[in-house]
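Okay, so here's the structure we're looking at.
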Amino acid sequence: MITACSLDEVNYSSEDSSNYFEGEEQFEELVTHVYVMMRPLLRNTGLMWYGTDIYERTGKVDDTQNAINDYTTMRQDEGHNWWNDNYIIISRANAALDRGAEIENVTESIRRRREAELYTMRAYAYFNLVETFGGVPLIVNELSSPVYDFVRNTEEEVYTQIVEDLEIAIESGRLPETPEAYGRIAQGMAYHLLGKVLLTRSYKTFAKSDDLTKAISYFEKVIALHPLATNWNQLFGESGWANVVPAGNTEIIFAVRYSTTATNNGGSDYWSGGTWGNNLYQHFKFNISKFPGGDENDSPYRAEDTSYQPTAYFFSLYDETDIRNSEPYVLRTIYAGIDDNENGTNGPISANDRVIYFPKTAMTQAEKEAYMAANPPVCFVINPDEYHQDFLREIYTAYPVIYKFVDPGVTSKTWDAQNPLGTSDTYVFRVAETMMLLAEAYIKQGNGDKATGLINQLRNRAEATTLLTGTATIDDVLEESARELFGESNRWMDLKRTGTLLERAQKYNVFANKHNPTGIEEYYKLRPIPIRQIELSNGTLKQNEGYAGS
């Protein structure tokens, strides 16, 4: 027997974006989706690090490894993901700003605060783009239909937009002094970014007369809001890279957050097919599993991406006592993951035995042999000038492992850049970088003695025995930034801004030097516009000078 019943039906297919965004909750969703896109962006570090003085590609010097690192002929699509990821942030910020303005049921203080966050993220993305590619198309409103005939705005126009966005963000009452929640944008982020933008613009032909003094003022505001942590372990502790900022540590200005539950970190990344888990723990490691005692299934090292190798120059920068170049942040002794009686060349190997040693100071062959004899079953002693030599099967190189990004949330090995499992957070800006930017600004202003004091603050914290004396130079700032911010800041942008990029890359990056022994062409100060973007525009988007088709 069938009886009638009351059924309230809702046609969810009739709900679209025009009637969904009706209140504060939906406005918050729009803003959150911009924050979420910072994850894939900050996994995409190639254009930040390759082709500089402290990062290179793993491999033998005789091999051509990577065009953007080596300054060789490019496909002209190397920057495609970087371009897309930044423009996705811009597109989502535009949508949130335009649609949010039409939502009536939003508390005014919340609206102003979230708008400031959106302007800051849009400015951050445009800053990445303009310094990487030069002038790029300015899009400041949501696009409701496909557009293909984009043209490039000038660098000056893009900088004007970035500054305008950040000046809106720092208007009184918009952002709190400290984040309402860790991972939210607050005043320090907007001040730091605006100071960095103005400092960068101060080097350009279209600089404003007060760019440098304003930058200094903003950096000083950041330092007042974010005191330097007293101990390095508050940032990168022995138990692993922090999932949350330790209590009382205000050094972190802005971080991109990840959940300790990996499944909460997002689904498939549509560009690379992986998840949005943090991938920093994968970097700065050689093919450890291929060496004697290496575990093909698991190991304490958890990853073998091998995309990046620190240069020998980078390792040479530290004092003997500098904790930033000591265990557990730099591993100079590599341990076996498994028993290995077949491949050991200096006696049978058991799990947790020492198998590779990287001395800080080069050893003679006799000293190597004496060390191995005294420390069985160590199979390899590898000097700083040998980090690009093959030690196994004419393929595999080895070098000290940067371990400051060890991730305690990762408990299984990952083999490549796909599907990273990291659950720790990415430090986007911390006040140590602000201090080095301020030091650079002081030097540019003619006050290098003030820069010396800032550099020595970081050296003192790191327990370095050698402090800087006299008037600091740009080289002093760049060296301290390398020590302090390896694997964090945009090194390519720092070198380009200070006019040292090509000189330093040619001098310290062995691949760049091999392919450009007499110097690197000036046009490499900009990356090529992605060829796919030029093709989509039907030719309205023009290539940078020096690259094919320009």
Side-chain angles (χ1 to χ4, degrees), residues 38 41-42 44-55 68-69 71 74 78-90 120-139 152-166 189-190 192-208 211-212 215 218 428-429 433-434 436-437 440-441 444 474 477-478 481 485 488-505 520 522-530 533 541-547:
M38 296 288 279
L41 172 66
L42 290 169
N44 192 352
T45 50
L47 298 188
M48 293 170 53
W49 297 339
Y50 278 139
T52 66
D53 55 347
I54 61 175
Y55 305 91
I68 61 173
N69 179 70
Y71 294 100
M74 300 186 192
E78 287 83 359
H80 178 71
N81 288 356
W82 183 247
W83 176 286
N84 276 340
D85 289 347
N86 278 291
Y87 267 115
I88 288 169
I89 288 174
I90 291 164
T120 301
M121 286 187 280
R122 186 170 77 178
Y124 176 74
Y126 268 126
F127 188 43
N128 288 333
L129 289 167
V130 74
E131 278 304 289
T132 303
F133 302 107
V136 293
L138 274 176
I139 309 167
R152 299 174 63 177
N153 290 80
T154 66
E155 278 195 56
E156 183 173 5
E157 289 169 334
V158 178
Y159 264 90
T160 298
Q161 184 64 52
I162 293 169
V163 172
E164 286 179 0
D165 280 358
L166 290 170
M189 165 67 167
H192 176 98
L193 181 56
L194 182 51
K196 191 172 184 177
V197 168
L198 294 175
L199 174 61
T200 306
R201 191 170 69 176
S202 74
Y203 287 89
K204 303 198 182 275
T205 57
F206 52 85
K208 307 298 182 185
D211 278 347
L212 188 60
Y218 289 127
V428 180
F429 294 136
E433 181 184 13
T434 317
M436 291 302 92
L437 292 171
E440 178 187 329
K444 197 168 189 296
I474 289 296
V477 172
L478 292 173
S481 295
L485 299 166
E488 298 178 66
S489 65
N490 190 321
R491 183 67 171 183
W492 193 85
M493 192 181 289
D494 290 342
L495 298 186
K496 178 190 171 184
R497 181 183 64 249
T498 55
T500 61
L501 173 63
L502 303 184
E503 175 190 351
R504 279 180 160 264
I520 302 170
E522 285 289 314
Y523 71 83
Y524 282 115
K525 289 181 180 178
L526 293 176
R527 309 292 198 180
I529 302 295
Q533 299 298 326
L541 200 62
K542 302 300 182 182
Q543 184 56 276
N544 280 323
E545 183 179 349
Y547 296 101

- line: The side chain to side chain contact (heavy atoms under 4.5 Å, CB included) partners of Thr132 (sequence neighbours excluded) come to Leu47, Trp82, Arg527
- prompt: Considering residues at least two apart in sequence or located in another chain, which fulfil the side chain to side chain contact (heavy atoms under 4.5 Å, CB included) criterion with Glu545?
  reply: none
message: Among residues at least two apart in sequence or on other chains, which ones pass side chain to side chain donor-acceptor pair (under 3.5 Å) with Asn490?
response: none
message: Can you confirm whether Tyr124 sits close enough to Val428 that some side-chain heavy atom of one is under 4.5 Å from a side-chain heavy atom of the other?
response: yes
task: Report the residues that fulfil ring pair (Phe, Tyr, Trp, His ring centres under 6.0 Å) with Tyr126, sequence neighbours left out, ordered by chain and then residue number.
output: none
message: Applying side chain to side chain donor-acceptor pair (under 3.5 Å), can you list everything that pairs with Tyr50, at least two apart in sequence or on another chain?
response: Arg57
Partner set under side chain to side chain donor-acceptor pair (under 3.5 Å) for Lys208, not counting sequence neighbours: none
message: Could you work out, with side chain to side chain contact (heavy atoms under 4.5 Å, CB included) as the rule, every residue matching Asn153, not counting sequence neighbours?
response: Leu138, Glu157, Val158
- request: Using the test ring pair (Phe, Tyr, Trp, His ring centres under 6.0 Å), find all partners of Tyr55 that sit at least two apart in sequence or belong to another chain.
  value: Trp49, Phe486
- request: Would you please name every residue forming a side chain to side chain contact (heavy atoms under 4.5 Å, CB included) with Lys525, sequence neighbours left out?
  value: Leu502, Glu522
- line: Sorted by chain and number, sequence neighbours left out, ring pair (Phe, Tyr, Trp, His ring centres under 6.0 Å) with Tyr203 holds for none
message: Taking ring pair (Phe, Tyr, Trp, His ring centres under 6.0 Å) as the definition, give me every residue that meets it alongside Trp83, ordered by chain and number, with sequence neighbours left out.
response: Tyr87, Phe133
- request: Tell me, please, which residues at least two apart from Arg504 pass side chain to side chain donor-acceptor pair (under 3.5 Å).
  value: Asp53, Tyr313, Asp475
